[in-house]
There are 2 protein chains.
Amino acid sequence: MNEVLRRQTNPANPPAHDRVYRGLRLQVMHGELTPGQALTLRGIGKQYGVSMTPAREALRRLTAEGALTLSASGRVTTPELNNDRIEELAQIRSLLEPELASRALRRAHLALIDRMESINDANARAIHLQDPVEYIRTNLEFHRTLYLRAQSPAMLGLLETVWLQLGPTMRALYTRLRRTTAPPHHRLILEALRAGDDAALRLALRTDVTQGLRHLQV
Amino acid sequence: MNEVLRRQTNPANPPAHDRVYRGLRLQVMHGELTPGQALTLRGIGKQYGVSMTPAREALRRLTAEGALTLSASGRVTTPELNNDRIEELAQIRSLLEPELASRALRRAHLALIDRMESINDANARAIHLQDPVEYIRTNLEFHRTLYLRAQSPAMLGLLETVWLQLGPTMRALYTRLRRTTAPPHHRLILEALRAGDDAALRLALRTDVTQGLRHLQV
DNA sequence: TCCCCGAATTTGTGATCACGCTGACGTATG
DNA sequence: CATACGTCAGCGTGATCACAAATTCGGGGA
């Protein structure tokens, strides 16, 4: 009866290089790796139970996205950002994120705002528990949940590469200043969303982004 | 006498995967490949005289940058953009490029403007000769020459990935409408630069970008 | 004339290996 | 005791191969 046979391709059998890529990507974005940390092909291969070939492809992909840095000799490390670069990346965030938020505003119904609120609660819990990785994860998820509504996949993709570049450094920030209170601007974002106030939303995003990264300056 | 022996590493001996990457990148960005064109590992390997391994790395890197599309079965092709995606990429350009131009404005001295003018002349010649690849190349070089002065490598890097995604489509545009006159806004850009007028410069960039891509809509 | 199915070819994937360079440690020298 | 040098384990690079999935194209049936 014309059965649609999908053997290995579609269902849940991603190639090895893709598994490795996704795993490392999360580790980088969530700040599980410290800045300047070196990664080796054989080490990653062993960690994921694959050979050097898929590990190499995953690393090549991540360096192409700026998540990792390639030294002149081919060594791969997590990036160590200087102040200029941090500031530039923060400015890119403050350029893209208000735009994405504004685009999402029209499509942001109540269920979305509620979901963001619960993510924000998880974020506050992570702060209370002093869990840096969980803090970064929920913080990014808060933002991404909103931006997904913007229906602008290319712009969101660009933004994620910026997040990726900031990942290790953000973790270093967190452990340095050990914040004990939730980011204050998330509430402003939620209020602007509920009020449907575009200008306030853009402003709240801009301050949330720049404020959070201002403390990163060495 | 302590001769500095640099054998293979530094001087001018880039790895094979890097040569392949750079070659393909230029082909894509300059529109030498038509949208939807398929690329094979063995074919590229043969074209560049290398094995599948470096070819695979180059393709992986380019797909990570959005220059190429990866099908579900692992086949690699140049992207075929729909109208929504074209419009989104154009909006990203009109977000980033005025910002980069504005940052470059302070540092744009006369020699830079002269150089841009001569690139613009080459652009006009390419139009007269009906040379699509050269037209796209000089057009991008005109913009990049300005943006390099912005001293914002991350933002320029992001923009280049956008250019990369538009490459094959821009070529298709060119052959469809066969423009015979130079883009009018390049003159406005040069005038704004000379006048040091930030607002006019931003506006000129925005219209140049959106105007050029408006005709792309199917 | 059109559609469907199966064989053959082509494709991406991943493992393995040899090679040459890199970077760090330990030793010898001042 | 500090410094320079030589050694060596470990690294990335690239070629090759086996394998399985996918695409293509032809022939046969409706």
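Numbers restart at 1 for each chain; the letters A, B, ... are given by sequence-line order, proteins then strands.
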Any salt bridge between D18(B) and R22(B), counting N to O under 4.0 Å?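 Salt bridge between D18(B) and R22(B), a charged N being under 4.0 Å from a carboxylate O: yes.
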Test E134(B) against L129(B) for side chain to side chain contact (heavy atoms under 4.5 Å, CB included), laying out the working first. CA-CA 9 Å; E134(B) 180 66 6; L129(B) 294 174; over 6 Å; no
For D131(B), which residues count as a side chain to side chain donor-acceptor pair (under 3.5 Å) partner, sequence neighbours excluded?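 In terms of side chain to side chain donor-acceptor pair (under 3.5 Å), with neighbours along the sequence ignored, D131(B) is linked to no residue.
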Rounded to whole angstrom units, what separation is found between the [atom1] atom of [X] and the [atom2] atom of [N]?
X: L70(A); N: dT13(D); atom1: CG; atom2: C1'; value: 12 Å
X: R19(B); N: dT13(D); atom1: CZ; atom2: C1'; value: 13 Å
X: D18(A); N: dG14(C); atom1: CG; atom2: C1'; value: 14 Å

Candidates dA15(D), dT13(D), dC17(D) - which lies nearest the side chain of M52(B):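 Nearest listed nucleotide: dC17(D).
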Considering only residues two or more places apart or on different chains, which pairs with a residue in residues 35-49 of chain A satisfy side-chain hydrogen bond (donor to acceptor under 3.5 Å, both in side chains)?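 Pairs touching residues 35-49 of chain A that pass the test: T34(A)-Q37(A).
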Applying side-chain hydrogen bond (donor to acceptor under 3.5 Å, both in side chains) as the test, list every pair that has at least one member in residues 147-167 of chain A; sequence neighbours left out.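 Only R25(A)-E160(A), E97(A)-Y147(A), E97(A)-W163(A), R103(A)-S152(A), H109(A)-R149(A), H143(A)-Y147(A), R144(A)-E160(A) qualify under side-chain hydrogen bond (donor to acceptor under 3.5 Å, both in side chains).
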Set of residues satisfying ring pair (Phe, Tyr, Trp, His ring centres under 6.0 Å) with respect to H30(B), sequence neighbours excluded: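 Testing H30(B) for ring pair (Phe, Tyr, Trp, His ring centres under 6.0 Å), a comparison that skips the adjacent residues, returns none.
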Taking only side-chain N and O atoms of T53(A), does any of them lie within less than 4.0 angstrom of OP1 or OP2 on dG14(C)?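 T53(A) to dG14(C) OP1/OP2: no side-chain N or O under 4.0 Å.
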S94(A) versus T210(A), closest heavy-atom pair with distance: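 That closest heavy-atom pairing would be CB-CG2, 4.0 Å.
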Kindly give the heavy-atom pair with the smallest separation between R56(B) and L41(B), and that separation in Å.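 That would be CA-CD2, 3.4 Å.
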Is there a donor and acceptor pair, one atom on the side chain of S73(B) and one on the base of dA22(D), closer than 3.5 Å?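 In this structure, the two groups form no donor-acceptor pair.
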Residue-level proximity of residues 55-62 of chain A to DNA chain D when a heavy atom falls under 4.0 Å: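 Correct list: R56(A), R60(A).
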Using a cut-off of under 3.5 Å, enumerate the N/O to N/O pairs linking the protein to nucleotides 7-11 of chain C.
residue: dT11(C); atom: O4'; partner: R75(B); partner atom: NH2; Å: 3.4

